[in-house]
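See below for the structure under consideration.
The sequence lines fix the lettering, A, B, ..., with proteins before strands; numbering per chain opens at 1.
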Amino acid sequence: MTLRFQNTESRTKQEFTPLEPGKVSLYTCGPTIYNFAHIGNFRAYVFEDLLRRYLEYRGYAVTHIMNLTDVEDKLIRTCRETGEPLKSVTARYAAAFFEDVKALGILPAHRYPAATDHIPEMVEMIKILRDKGHTYEDQGSIYFKLGTFPRYGRLSHMDLDQLRTGASGRVDADEYEAEEARDFALWKAWDENDGEVYWETELGKGRPGWHIECSAMSTKYLGPRLDIHCGGVDNIFPHHENEIAQSECCSGQTFVNYWLHCAHLVVEGRKMSKSLGNFFTLRDLLEKGHDPQAIRWVLIATHYRQPNNFSFDALDGAKQALNRLRDFRLRLGEAKGPGDALQAECDACRAAFEEAMDDDLNISGALGAVFN
RNA sequence: GGCGGCAUAGCCAAGUGGUAAGGCAGAGGCCUGCAAAGCCUUUAUACCCCGGUUCAAAUCCGGGUGCCGCCUCCA
């Protein structure tokens, strides 16, 4: 049986073949450290942990990079409103993030590069894009000209002409300064709202756009071509689409071979929101006395491409299932029965487990094999 | 308006043409002085609805219904 993944770009399940035999470069979009991460965020990180662990289980040497976004609009607004320096805010939430990662038993990435530590790399990349004619400047800001990258849209399979500007309601269309709304910022010129948050660079006084950090940092630590790039489905467009445009226009090579995206988490059947009272950070649940391993179980037990319905009934069930496995593990260690028969059972379990996991990380099937 | 996902038991959830995995809860039992814990057994004539294709459909096709997501800085 071969390892297969559903590739967002091809929309098909493909056999996994790394660029270099035995090695996997894995880049996963990390948190914006402007607040405590919620359990929906951790659904993605736990999925990525499962992916990494299974790749390693299959014998691959994985190099896993996860970025930390430590400069963007919400952070700058927080700094402006509270007067707290950017680094102070992000240090607090980065520390909290690492605590949460540990609590959930997530293997740490090999590096967690932060955007603000890689301004020179981003500037370099933007300069290359500028030299190749993929950018234009407007009022000190630098934008990527999507018209120069005909392959744009191949990941999300969206037709740019069909997009409705501002349809999400998330972004104020009046704030666009780009020639076309679809062009995105590589470098944002400083204005008074940015306060103390700016860098003096060859590109002028300002700060990087969001998308360029992932292109610059993945290139720095993993090279211009990646085996696997992960994130939540909401990142497909525009973030990952923009990464492709930046990276491929820069390197002239295919940026990512396998795109894996996990679906969202809902709570009790509803989208998580503070107004519904179903919004939970990991620490909210831990403070209620829930077992972090049971939380991990619920987050992981639904296939990553299916919406995950988090509920407290499911959490209670996970707790019980986990207890049974823990008890079983103890008894297995003490087992003194006929060794060959026990070994045969274990081999059969392992084979069924691997067959399920090889099929795009079918964890539900794999757990079923374990319980059988 | 464009693109995409989902619907399987009280709950969670596998299963993409061959007659419904698994977990939780429930029920029965074993063990125990009683209990708890643990262990064993058991639990869907049936997969949102209506058509169609087929010897055979949860699975494929057509049409509905419902829920959810993305549409330019959301995991």
Expressed in whole Å, how much space separates the C1' atoms belonging to B/G51 and B/A57? 14 Å
Using a cut-off of strictly less than 4.0 Å, decide whether A/N372 has a side-chain nitrogen or oxygen near OP1 or OP2 of B/A21. no
Pairing partner of B/U65, by Watson-Crick or G-U wobble and under 3.5 Å for both distances, is B/A7
Base-pairing mate for B/C70 - Watson-Crick or G-U, with both contacts under 3.5 Å: B/G2
Could you check which nucleotide pairs with B/G28 in any of the strands shown, counting Watson-Crick or G-U wobble with both distances under 3.5 Å? B/C40
Please list residues of residues 191-221 of chain A whose heavy atoms come under 4.0 Å from any atom in RNA chain B, ordered by number; otherwise none. A/W210
When rounded to the nearest Å, what value does the distance between C1' atoms of B/G10 and B/U53 take? 36 Å
May I ask which nucleotide in the shown strands pairs with B/A46, Watson-Crick or G-U wobble, both distances under 3.5 Å? none
Pick the P atom in B/A7 and in B/U59, then give their distance to the nearest Å. 12 Å
Among B/A75, B/U72, B/C6, the nucleotide that comes nearest once only the side chain of A/F237 is considered: B/U72
I'd like a list of close polar pairs between nucleotides 38-44 of chain B and the protein, N/O only, cut-off under 3.5 Å.
residue	atom	partner	partner atom	Å
B/C39	OP1	A/R331	NH2	3.4

Roughly how far apart, to the nearest Å, are B/G17 and B/U54 at atom C1'? 9 Å
CA sep, side-chain torsions, deciding dist, call: A/H110, A/H64, side chain to side chain donor-acceptor pair (under 3.5 Å): CA-CA 5 Å; A/H110 296 95; A/H64 177 199; 5.6 Å; no
Report, one pair per line, the protein and nucleotides 14-18 of chain B atoms (nitrogen or oxygen only) whose separation is under 3.5 Å.
residue	atom	partner	partner atom	Å
B/A14	OP1	A/H303	N	3.2
B/A14	O5'	A/S364	OG	3.3
B/A14	O3'	A/N362	ND2	3.0
B/G15	OP1	A/N362	ND2	3.1

Does A/E56, at its CD atom, have more than 12 non-hydrogen atoms belonging to other residues, nucleotides or ligands within less than 6.0 Å? yes
In whole Å, what separates the C1' atom of B/C30 from that of B/A37? 14 Å
Taking pairing as Watson-Crick or G-U wobble with both contacts under 3.5 Å, can you name the mate of B/G18, or confirm there isn't one? B/C55
Among the clusters formed by ILVMFWY side chains lying less than 4.5 Å apart, do A/L299 and A/F312 turn up in the same one? yes
Mind checking the P distance from B/U43 to B/G4? Whole angstroms is fine. 42 Å
Across the strands shown, which category fits A/N242 at heavy-atom distances under 4.0 angstrom: base, sugar-phosphate, nothing? nothing
Given A/H134 and A/T148, is the side chain to side chain donor-acceptor pair (under 3.5 Å) satisfied, shown in steps? CA-CA 6 Å; A/H134 292 293; A/T148 66; 2.7 Å; yes
Watson-Crick or G-U wobble partner for B/A35, using a 3.5 Å limit on both distances? none
When the C1' atoms of B/G64 and B/G28 are considered, how many whole Å apart are they? 44 Å
Of all heavy-atom pairs linking A/H264 and A/D234, the shortest is NE2-OD1, 2.6 Å
To the nearest angstrom, the CG-C1' distance between A/L155 and B/G4 comes to 12 Å
What integer number of Å spans the P atoms of B/A44 and B/A20? 11 Å
For A/D284, is there an ion pair with A/K288 - N to carboxylate O distance below 4.0 angstrom? no
Consider ring-ring contact (aromatic ring centres under 6.0 Å, His included). Of A/F255, A/Y152, A/Y27, A/W259, which one does A/H240 pass it with? A/W259
Selection from B/G5, B/A75, B/A13 that lies nearest to any side-chain heavy atom of A/N309: B/A13
Among side-chain atoms of A/E84 and A/S88, is any donor-acceptor pair under 3.5 angstrom? yes
